[in-house]
Amino acid sequence: MLLGAGAFGAAALLGVSGQPLRAATPSQGGTLRLGIGSFDSGETLDPQATETKFMQNLQWQLRNNLIEVGAGGVLVPELATSWDSNEDLTVWTFKLREGVEFHNGKTMDADDVVFSINLHRGDASTSQVKALAAVISDVQATAPNEVTITLGAGNAGFPAVLSLTCMYIVPANDMNFDAGIGTGPYILESYEPGVKSVVRKNPNYWKEGRAHFDSVEMLAIRDVNARTTALQTGQLDAINAVDPSTANLLGVMPGIDLMQTQGKVHYCFSMNTTDPLFSDVRVRKAMKLAINRQDMVDKVLNGFGSIANDQPISNAYAYHDGDIPQHEYDPEQAKSLLKAAGAEGLATTLHASDTPFTGAVDAAQLFSEHASAAGIKITVSREPEDGYWSNIWAKRPFFATRWSGRANEDLMLSLAYSHEAIAGGYNETSWDNDAFNAALVAARSEKDDAKRRALYAECQMLIHEDGGLIAPVWADFLDAKSSKVSTGEEISGDWDLDGNRCAERWWFNA
């Protein structure tokens, strides 16, 4: 269903030679300069709110999680060395790595982990993963290097929660988050929100074979053409979010490697299901049939992706259901549904900017053209780039959005579609379906693989048929780098720029 036959998490690295230069042994030194297109001038280093790609990169330059997501979505021990559960999956015990120091010299212990996890729990928390942390009923330091977490119900996929953005480990009782103190590969020198950050290598970093650069500089550059030009002229060493319309030209330029990584990314238009305009499922279904998905793949993605089906679980996930009937472009059926719902001549405003994804405004205009054949009038409102996530996303009835996927099905579905996620702020469509909620809860504690698969298939079908998500395409990550920069043999497909951990994983050629 996704473009290409390679394993997920493996990147197709394209350039004048067809392959990037890779040193057999990583070399040390130099300053990596990154151009990042997703940022916000109001963001901080508070772990509770990590919304943009700039902040994700910066946080993982400074801090670690208990668990890391590696290539192919595999969970890798990070500050936790191991974990296991009791028989009913309600109590999880995590063994912690010993002798790890924070940047301020303090040795990390279980109290730091308890404090860090509790930041995302309780009424006072402002965390974007509050809904996911709500499954935790208790967290205790049961030894200096052991933490035990008790859940309200069994959850086979719980460890993946601790790999999420936001779930960084910080020193206990230290609320001065903007100091950037962590156990990560680099130490903060300066950070100007919406402009620039500079970090220098942590001489006491505990991971072997990581953090090869002396320093890392990130520049916040919204305009994709400006990022691309800066890479071409040698002012930057790598950029994220390449424009698909020019990607092929960039990929054949000498000294430049185009990095195409398959994964779980879906570009979307979301309808708030509590808004009177979209409260009728027939209207939502009509909107899903009023978009030409292949046209989106061809014109917006320039072929760097494939057709999606209005649900968030791609075949990069273990429990993807490939048997769900594909929503096809059908203006006549859309008209019929609108007539039955008493919504003929539907008119709405689609709010968009290129912040959620490169080409989002063009995609919105294209959707407007498609929908006109069904008698639907979509007026595209181009919104300011800065503040899009805080002022437009989930604040308007109909808006452009993007999801990069999560480590497993439960995280993706719980974060964006569950009843709990409405209060948590990440259920962007305000969709609340009793059958879905029941199936999702049941899947967490189901040990039988076939039954669990069936429950996740039910969740996918319910979103596809009833939800407010219009997901027309799966999109490949498109990043670019100088051929002077080397990578590992596999690239993580969990986020762009190698899971937003390129500063830790890459190096300059010797």
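The first residue in the sequence is number 1, and the count goes up from there.
- Inter-residue side-chain proximity for Asn437 and Tyr417 is flagged as unmet; no heavy-atom pair is nearer than 4.5 Å.
- Note: Arg63 CZ to Tyr168 OH = 8.5 Å, rounded to the nearest 0.5 Å.
- Arg282 contributes a side-chain N or O that, together with a main-chain N or O of Ala340, makes up a donor-acceptor pair within less than 3.5 Å.
- The shortest distance between side-chain heavy atoms of Asp386 and Arg222 falls below 4.5 Å.
- No donor-acceptor pair under 3.5 Å is formed between the side chain of Asp330 and the backbone N or O of Leu289.
- Comment: Lys285 does not engage Asp466 in a salt bridge, judged by the lack of any side-chain N to carboxylate O separation of less than 4.0 angstrom.
- With respect to Ser418, the side-chain contact (heavy atoms from CB on, under 4.5 Å) criterion is satisfied by exactly one of Val441, Asn433, Asn427, Leu440: Leu440.
- The CD atom of Gln460 lies 9.5 Å from the CZ atom of Phe436; values are rounded to the nearest 0.5 Å.
- Salt-bridge annotation for Glu344 and Lys339: absent, with no side-chain N of the basic residue lying under 4.0 Å from a carboxylate O of the acidic one.
- Stacking of Lys53 on the aromatic ring of Phe39 is not recorded, the 6.0 Å distance cut-off and the 45° axial limit not both being met.
- You'll find the side chain of Leu219 stays beyond 4.5 Å of the side chain of Leu34, heavy atoms only.
- Judged by distance alone, the side chains of Ser414 and Glu420 never bring a donor and an acceptor atom under 3.5 Å apart.
- Lys288 NZ to Met271 CE: the interatomic distance, rounded to the nearest 0.5 Å, is 5.5 Å.
- For the pair His464 and Gln326, the minimum side-chain heavy-atom distance is 4.5 Å or more.
- Across every non-hydrogen atom of Ile313 and His320, the tightest pair is O-ND1, 2.7 Å.
- In this structure, the side chain of Arg227 engages the main chain of Asn240 through a donor-acceptor pair within 3.5 Å.
- Rounding to the nearest 0.5 Å gives a distance of 7.5 Å between CG of Leu75 and CG of Asn408.
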Inset, instruction - Verify side-chain hydrogen bond (donor to acceptor under 3.5 Å, both in side chains) between Trp389 and Asp40, making sure each step is shown before the conclusion. - result: CA-CA 8 Å; Trp389 295 117; Asp40 194 287; over 6 Å; no

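- The two residues Leu231 and Leu236 come nearest to each other via the heavy atoms CD1-O, 3.5 Å.
- Taken to the nearest 0.5 Å, the CZ atom of Phe399 stands 9.5 Å off from the SG atom of Cys268.
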Inset, instruction - Check step by step if salt bridge (Lys or Arg N to Asp or Glu O under 4.0 Å) holds for Arg293 and Asp310. - result: CA-CA 11 Å; Arg293 296 157 198 272; Asp310 304 323; 2.6 Å; yes

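- By the 4.0 Å N-to-carboxylate-O rule, Asp237 lies too far from Lys484 to be salt-bridged with it.
- For the pair Asp354/Val224, no side-chain contact is recorded, criterion being any heavy-atom separation below 4.5 Å from C-beta on.
- Partners of Glu332 according to the salt bridge (charged side-chain N to carboxylate O under 4.0 Å, His left out) rule, which considers only residues two or more places apart in sequence or in another chain, are Lys335.
- The minimum heavy-atom distance linking His120 with Ala133 is given by the pair O-CB, 3.3 Å.
- In terms of modelled atom types and a separation under 3.5 Å, the side chain of Asp479 and the main chain of Leu497 share a donor-acceptor contact.
- The shortest side-chain heavy-atom distance between Asp476 and Leu301 does not fall under the 4.5 Å cut-off.
- Between Tyr426 and Trp393, a ring centre-to-centre spacing shorter than 6.0 Å is recorded.
- Of all heavy-atom pairs spanning Trp431 and Ile422, the tightest one is O-CD1, 3.9 Å.
- A side-chain donor-acceptor contact under 3.5 Å links Asp257 and Ser483.
- Of all heavy-atom pairs spanning Asn292 and His370, the tightest one is N-ND1, 3.1 Å.
- At distances below 3.5 Å, not a single donor-acceptor pair connects side-chain atoms of Gln128 with backbone N or O atoms of Cys166.
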Inset, instruction - Take Ser404 and Phe477 through the side-chain contact (heavy atoms from CB on, under 4.5 Å) test and state the conclusion after the steps. - result: CA-CA 9 Å; Ser404 297; Phe477 285 123; 4.2 Å; yes

Inset, instruction - Decide yes or no on side-chain contact (heavy atoms from CB on, under 4.5 Å) for Thr165 and Trp60, but give the supporting numbers first. - result: CA-CA 9 Å; Thr165 55; Trp60 273 322; 3.3 Å; yes

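- A donor-acceptor contact shorter than 3.5 Å links the side chain of Ser116 to the backbone of Val170.
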Legend entry - Step-by-step side-chain contact (heavy atoms from CB on, under 4.5 Å) determination, Val199 to Glu217: CA-CA 7 Å; Val199 299; Glu217 297 179 1; over 6 Å; no

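- Side-chain atoms of Arg505 and Ser492, non-hydrogen and from C-beta on, do get closer than 4.5 Å to each other.
- Ser215 has its side chain within reach of Thr31: a pair of non-hydrogen atoms, C-beta onward, lies under 4.5 Å apart.
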Inset, instruction - Under the side-chain hydrogen bond (donor to acceptor under 3.5 Å, both in side chains) rule, what do Ser245 and Asp243 come out as? Steps first, then yes or no, please. - result: CA-CA 5 Å; Ser245 67; Asp243 187 345; 2.9 Å; yes

Inset, instruction - Please report the C-alpha distance between Glu383 and Ser353 in whole Å, then the side-chain angles of each, then the deciding distance to 0.1 Å, and finally whether the side-chain hydrogen bond (donor to acceptor under 3.5 Å, both in side chains) criterion is met. - result: CA-CA 5 Å; Glu383 304 293 346; Ser353 81; over 6 Å; no

Inset, instruction - I would like to know whether Thr273 and Arg284 meet side-chain contact (heavy atoms from CB on, under 4.5 Å); could you show each step before the answer? - result: CA-CA 8 Å; Thr273 58; Arg284 300 198 292 270; 3.6 Å; yes

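- Distance alone, capped at 3.5 Å, places no donor-acceptor pair between the Thr429 side chain and the Asn272 backbone.
- Of the N and O atoms on the side chains of Thr401 and Glu428, at least one donor lies less than 3.5 Å from an acceptor on the other residue.
- Take Glu409 and apply the salt bridge (charged side-chain N to carboxylate O under 4.0 Å, His left out) test, not counting sequence neighbours, and it matches no residue.
- Side-chain N or O atoms of Arg406 include none that pairs as donor or acceptor with a backbone N or O of Asp494 at under 3.5 Å.
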Inset, instruction - Please step through side-chain hydrogen bond (donor to acceptor under 3.5 Å, both in side chains) for the pair Gln56 and Thr50, ending with a clear verdict. - result: CA-CA 6 Å; Gln56 289 173 17; Thr50 305; over 6 Å; no

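- For an aromatic pair to be called close, the ring centres must be under 6.0 Å apart, and Phe508 with Phe213 satisfies this.
- Asp298 places no side-chain N or O within donor-acceptor distance of the main-chain N or O of Gly303, the cut-off being under 3.5 Å.
- Within a 6.0 Å radius of NZ in Lys395, other residues, nucleotides and ligands contribute more than 12 heavy atoms.
- The CG atom of Asn309 sits 6.5 Å away from atom CD1 of Ile324, with the distance rounded to the nearest 0.5 Å.
- Looking at every heavy atom in both residues, Phe304 comes nearest to Pro244 through CE1-O, 3.8 Å.
- A donor-acceptor pair under 3.5 Å is formed between the side chain of Ser368 and the backbone N or O of Ile378.
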